Chemist: 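Encoded as structure tokens, here's the structure I'll be asking about.
Counting begins at 1 with the first residue of the sequence. Bear in mind that the values here come from a model prediction, so they are computed numbers and not experimental data. Reckoned from all heavy atoms, side chains included, excluding hydrogens, waters and symmetry mates. When a ligand or atom number is given, it counts from 1 through the structure's own listing order.
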Amino acid sequence: MNIQKFGHFNKVQDLLKKRTWGYPCACVSTRTAASKAFKSPFFLKKKERGGGGDDYVIETQTTKKKKNKKEKQEYTIKRHKRFLTRLFNDPELIPLGGGGLQRRVMDIVVKRRLPRVEKQYETIGGSPIRKWTDIQGHLMCEKLDALSPETAPHKHYACFRYAPPFTEDVLQQMKEDGIEHAVAFSQYPQWCCSTSGSSINHLWRQVHHLNLEHAFHWSIIDRWFLHRKYVQSVAERILSSVTHFVNTTSPVQSNSQDIAILFSAHSVPLKTVTKGDPYVFEVAATVKAVMEELSSDKSPFSLQHVCPPDKFRVHHQLVWQSKVGYLPWMTPSTAGVLEQIGRNAKARADKCAVFVVPFVFTSDHIETLFELDIEYKHVAEKAGIAQYIRVPALNDSPIFIDALSAIVQEHLLKQSNMTADYHWRCPGCNNDLCRSIVNPKFEQHATAQRVKLAMLK
Ligand SMILES: C=CC1=C(C)c2cc3[nH]c(cc4nc(cc5[nH]c(cc1n2)c(C)c5CCC(=O)O)C(CCC(=O)O)=C4C)c(C)c3C=C
Ligand SMILES: [Fe+2]
């Protein structure tokens, strides 16, 4: 269900040296931050103030309010429609060629899906991705200024693939701001061609369309699924939730207490996996690393003191959420596993506390606030799970902010344009734009990395 993050990009600016670092983050919305309610793409822009209306008589005020409400609703529906339309017409996400056929089919899909998605966003008060992306970017830059004064001041730009702030608008703003070095920092920790890949390819397309090939030097933070601080930030969220549970719940008398940690990742079509996309494997690697952190005696995030093995049995499982459409996607599904846990617990007359961890997203959005908090909670209750606990998203977690700034700092120190994995195209990929880079910043690999301009003409 989400996609806005398909295009998060943040950027760090080195104004002193007249260079800028930009990073695409999911925050910067990787996904399409579609449902965001903000109109202005830059967090630094002043918010517009609404008019007063104190002089009107009551009737007029009411009529005006109604009209305003209706206009606001219409505007929101329009925005959600634009979000879904851009998302479903992205051939790098839904590979139907991107032409007339995709447009015709997806028009129907969007029309049918819109009312439901609309209601979901209304229930959660709109997608908070943009808000969180900007908070994360802002805090990250503050930290970076202290960590890396030689490249300070740093500035972030959020950019999204399917909702404002759109990549093309952000690029124009960066140009106006005089940015020279931009770091495209995907806010999806794990690489997937449908998310980071689509967002970064879109970035290069827009750079070309706007004739900005020579405007910036680029480097990319394309994945960071095993970065120690990121792993620790996820472990810390789990440890806090479990500690709170243990401290506030009376222990089960008969057996030892079962604790199930469900790592709930956004699912992908099986076709993506068989194509050789590394997403599923990178997701699994993060889960293992987090579990190592939680089980190690030496880690400050060890669960052992909170859940001694004689009183608690801690299990973990990687599960997959947010399937769209009828084709086969990665399983087991989050909902299916909750139902199974409910059945097992009943059979053993046991109790199991279930902790659901959102971790391939870096902030709250429709999948956490609606799917996990409402839909799956209901599934869990129906399945008889007495304790269903949704672990908070990373949002403004201080360890996570440390992680973001450390990742950028290390990237700059390394002077490498990308990770080695970025070079490796999925077997069978025939998209020439994939794994390219425009105008790379660091010269040692630059020649080999230059984008094949021919296919863009
Ligand atoms: C249709 C195919 C989709 C794939 C493949 C997919 C992968 C994928 N998505 C995210 C993260 C997010 N997706 C979000 C919304 C969303 N995603 C899809 C479809 C696919 N996602 C849709 C249709 C939607 C819109 C909501 C809906 O109609 O259900 C969001 C939330 C955006 C927001 O609320 O602002 C996120 C985040 C990942 C990590 C991922 C995996 C590779
Ligand atoms: Fe999605």
Chemist: Tell me the contacting part of T272 for ligand 1: side chain, backbone, both, or neither, using a 4.0 Å heavy-atom threshold, strictly below.
Modeler: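 No part of T272 is near ligand 1 at this cut-off.
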Chemist: Please identify which of these residues, D134, I401, L404, meets the side chain to side chain contact (heavy atoms under 4.5 Å, CB included) condition with L139.
Modeler: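 By the side chain to side chain contact (heavy atoms under 4.5 Å, CB included) criterion, L139 pairs with just one of D134, I401, L404: I401.
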Chemist: With heavy atoms of L93 as the reference, note each atom of ligand 1 found under 4.0 Å away.
Modeler: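 Contacts of ligand 1 toward L93, numbered from 1: 3 (C), 4 (C), 5 (C), 6 (C).
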Chemist: Of all the atoms in ligand 1, which lie at a distance below 4.0 Å from a heavy atom belonging to L84?
Modeler: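 Listed by number with element, the hits are 25 (C), 28 (O).
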Chemist: Would you please determine whether P269 falls within less than 4.0 Å of ligand 1 on a heavy-atom basis?
Modeler: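 True for this residue.
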Chemist: When you look for heavy atoms under 4.0 Å from ligand 1, do you find them on the side chain of V268, its backbone, both, or neither?
Modeler: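 For V268, the contact with ligand 1 is made by the side chain alone.
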Chemist: Which atoms of ligand 1 are found less than 4.0 Å from any heavy atom of I129?
Modeler: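 Answer, ordered by atom number: 32 (C), 33 (C), 35 (O), 37 (C).
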Chemist: Flag H365 as yes when one of its N or O atoms lies below 3.5 Å from any N or O atom of ligand 1, and as no otherwise.
Modeler: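 Min N/O separation from ligand 1 is not below 3.5 Å for H365.
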Chemist: Can you name the nearest heavy-atom pair linking K143 to D402, along with the distance?
Modeler: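 Nearest pair, atom of K143 first, then D402: NZ-OD1, 2.7 Å.
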Chemist: Step by step, would you call I108 with R112 a side-chain contact (heavy atoms from CB on, under 4.5 Å)?
Modeler: CA-CA 6 Å; I108 300 167; R112 287 177 54 177; 4.2 Å; yes
Chemist: Are any of the N/O atoms in S194 less than 3.5 Å from those in ligand 1?
Modeler: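 No; the residue has no nitrogen or oxygen that sits under 3.5 Å from a nitrogen or oxygen of the ligand.
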Chemist: Heavy atom under 4.0 Å from ligand 1: found in W329's side chain, backbone, both, or neither?
Modeler: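 Side chain only.
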Chemist: Any idea which atoms of ligand 1 are less than 4.0 Å away from a heavy-atom of R113?
Modeler: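 That gives atoms 23 (C), 27 (C), 28 (O), 29 (O) of ligand 1.
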Chemist: Residues in side-chain hydrogen bond (donor to acceptor under 3.5 Å, both in side chains) with S405, at least two apart?
Modeler: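 Once residues adjacent in sequence are excluded, S405 has no partner under the side-chain hydrogen bond (donor to acceptor under 3.5 Å, both in side chains) criterion.
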Chemist: Could you check whether any side-chain N or O of S148 sits under 3.5 Å from a backbone N or O of D145, counting only pairs where one atom can act as donor and the other as acceptor?
Modeler: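 No, because the side chain of S148 does not come within donor-acceptor range (under 3.5 Å) of the backbone of D145.
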Chemist: Do R390 and D364 meet the salt-bridge criterion of a basic N to acidic O distance under 4.0 Å?
Modeler: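 Here D364 pairs with R390 in a salt bridge, since their nearest N and O are under 4.0 Å apart.
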Chemist: Tell me which part of Q120 gets within contact of ligand 1: side chain, backbone, both or neither, using heavy atoms under 4.0 Å.
Modeler: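 Neither; no heavy atom under 4.0 Å.
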Chemist: With heavy atoms of F88 as the reference, note each atom of ligand 1 found under 4.0 Å away.
Modeler: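 Going through ligand 1 atom by atom, the ones under 4.0 Å from F88 are 23 (C).
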Chemist: Sub-3.5 Å donor-acceptor pair from the side chain of D277 to the main-chain atoms of Y279, do we have one?
Modeler: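 A pair under 3.5 Å: yes.
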Chemist: Over 60° means perpendicular and under 30° means parallel, so tell me whether H266 and W329 are parallel, tilted or perpendicular.
Modeler: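 Because their plane-to-plane angle lies in the 30° to 60° range, the rings of H266 and W329 count as tilted.
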Chemist: For ligand 1, which atoms sit closer than 4.0 Å to a heavy atom of S127?
Modeler: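 This gives 33 (C), 34 (O), 35 (O) as the contact atoms.
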Chemist: Using ring pair (Phe, Tyr, Trp, His ring centres under 6.0 Å) as the criterion, point out the one residue from F263, Y230, F225 that pairs with F359.
Modeler: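 Answer to the ring pair (Phe, Tyr, Trp, His ring centres under 6.0 Å) test with F359 among F263, Y230, F225: F263.
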Chemist: Applying salt bridge (charged side-chain N to carboxylate O under 4.0 Å, His left out) as the test, list every pair that has at least one member in residues 282-291; sequence neighbours left out.
Modeler: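 Of all non-adjacent pairs touching residues 282-291, those that pass salt bridge (charged side-chain N to carboxylate O under 4.0 Å, His left out) are R223-E282.
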Chemist: List ligand 1 atoms under 4.0 Å from V117, heavy atoms only on the residue side.
Modeler: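 So the answer, numbered in order with elements, is 27 (C), 28 (O).
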Chemist: Any nitrogen or oxygen of T195 lying under 3.5 Å from a nitrogen or oxygen in ligand 1? Just yes or no.
Modeler: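 It does not: no N or O of T195 is found under 3.5 Å from an N or O of ligand 1.
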Chemist: Which of the numbered atoms in ligand 1 are below 4.0 angstrom from a heavy atom of I366?
Modeler: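 Counting atoms of ligand 1 from 1, those under 4.0 Å from I366 are 31 (C), 34 (O).
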Chemist: So, is Y121 polar-close to ligand 1, with some N/O to N/O distance under 3.5 Å?
Modeler: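 N/O-N/O distance under 3.5 Å: yes.
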Chemist: Using only atom types and a distance under 3.5 Å, with no angle test, would you say the side chain of R103 pairs donor to acceptor with the backbone of N89?
Modeler: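 No, because the side chain of R103 does not come within donor-acceptor range (under 3.5 Å) of the backbone of N89.
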